[in-house]
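Every value quoted in this text rests on a predicted model; they were computed, and no experiment measured them. A note on names: the letters A, B, ... follow the listed sequences, proteins ahead of strands, and every chain is numbered from 1.
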Amino acid sequence: MSDRMLRAGCDIGSASVKWVLIGSEGIIRYTVLPYKGSPRDAAIRACHTICGDCGVAKEDFAFTATGLGKAVLEDACGQASESRCLWRLCAEQMPNVRTIIDLGCHTSRALRFGEAGQILDIAESTACASGTGLFLESMARALELSFTALNQQARRSQNPSAVTTQCAVFAESEVISLVNGGESVRDVCAGIVRSIALNALTLYTNCQGRPPVALCGGVSTIEAVRIALARELGHAFIAPPFDRRIAAAYGAALLTPASDG
Amino acid sequence: VVLDDDEIRASSVLKARARVEDSVRDITAAVLEKGGVRFEEVRSWVSTGYGRERISFACVNKSEIACHARGASLLSPHIRTVVDVGGQDCKAIRLTPTGKVVDFAMNDKCAAGTGRALEQMAEALGYDIAELGPISSEAKHPVVLTNHCSLFARTEILRLLCEKTKPEDIAAGINHSVARRIAVLVRNVGIERDVCMTGGVSKNGGVQSALAEMLGVCFVPLGADPQIIGALGAAVYAAEMGARS
């Protein structure tokens, strides 16, 4: 492959590593690798996969690293914050979007853009698992459900339970008590999803968000979350023209300068 | 706790079951058997804790704050600050020289700085919560855990294990991180000596010594199981009621 515009972005999150390889025609290939343990090993492994799939060598392209583990790859040509990646991504791929909400495993954030695409405000939640993918994961574990099953259950509910505990550790006991107390699993699932949506709404409000809104990050792949949040916001989302999980990695790839090869 | 005048006749600790009523039935039977007392012989019952309103036979219920203060004062009359760290919450209580509560701070919204946080992190490390104290004493290079949230800290611990960090160094880091959260709360109410620590977390020597160092105090030993101090305080209230009637 001899695309002169070949470049990549790598988003090293707390639960998965995302690589996006782009060329002059846009995305060539991407991969999402969930991992436990060493983020560096996972990032290298995922890079091998993508290189093998596309028949390129790692030396053929430069990449920008982002995410919590952005410092672990020493051969990155640069590092960027997730916010900067999302800004670049929106500027190039969804210029009409005024607010992007990113719901990750470890961090959730909302960014508001101005008319010219500049970042006007950022609201982030980084210290607490409330409203994150990790919150959802511990709730799903407590109920012994997969994300798919949780999504299906939540979508069938007409009457979400009140899941009011913010702390993910304590909320685990709360949802078990709710189920033991006779609430249906689908209502409890909907309550969990609603709690995620309300946290996202707080971020949206804190950055003084405006429509049109786009939603990205692993948690946003769950349809029930999108529906609940759209209901809270009072309007629908712009569907991004890419996998929601790779937004930051895609933005990082776009931030990487094209080699003059 | 069953109190006979000022003496502890029997005490019992049970891991809470899903239903409060089940826990209450079992623990009551256990403590009566231990003390060799029949239910009818107990003059009055006072309840405390999260499920205190669900004990049907208790004549009154008292807050944990009040009970920890009473229990600690009974065992050591010069106590002015009680640091109570249980599974669900963390409290700092300041007392007057006569044992009255003047101020308190409590965290029950976030698991950081509670027994649940210790449990979460111990599990990630692959140890039982009771082992954290003992193994942390062998630490040579304690790590600093940077995450506030114990769920995030779990991810951090798994990463450290992958990097071949020694479990004892991580255990010391866990104890330190919990102690740091408690210290913030204690400083909020202010510290006056004597200071004691109650609740299940105080059984972890690592947390206790880290916290003592951070606060610049020595904890006064109470000479009783630190997990029963709240129940002991409730028993003191019950004894007063019994005496009055």
Exercise for the section: To the nearest 0.5 Å, tell me how far A:C167 SG sits from B:L151 CG. Expected result: 7.0 Å
Donor-acceptor pairs under 3.5 Å, chain B to chain A, main chain and side chains both?
from, atom 1, to, atom 2, distance (Å)
B:R116, NH1, A:S173, OG, 3.1
B:R116, NH2, A:V169, O, 3.0

Practice task
Flag yes if more than 12 heavy atoms outside B:E213 fall under 6.0 Å of its CD atom; otherwise flag no.
Solution key: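 Open.
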Practice task
Please indicate whether B:K166 has more than 12 foreign heavy atoms, meaning atoms of other residues, nucleotides or ligands, lying under 6.0 Å from its NZ.
Solution key: no
Handout entry: With B:K62 via salt bridge (Lys or Arg N to Asp or Glu O under 4.0 Å) - residues at least two apart
Key =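 B:K62: no salt bridge (Lys or Arg N to Asp or Glu O under 4.0 Å) contacts found.
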Handout entry: All side chain to side chain donor-acceptor pair (under 3.5 Å) counterparts of B:S136, not counting sequence neighbours
Key = B:N175
Practice task
Measure distances from B:C149 to the heavy atoms of chain A and classify the residue's part below 4.5 Å as side chain, backbone, both or neither.
Solution key: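 For B:C149, backbone and side chain are both near chain A.
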Problem - Residues in side chain to side chain contact (heavy atoms under 4.5 Å, CB included) contact with B:V101, at least two apart in sequence or another chain - result: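 Partners of B:V101 under the side chain to side chain contact (heavy atoms under 4.5 Å, CB included) test: B:I65, B:A69, B:I93, B:L95.
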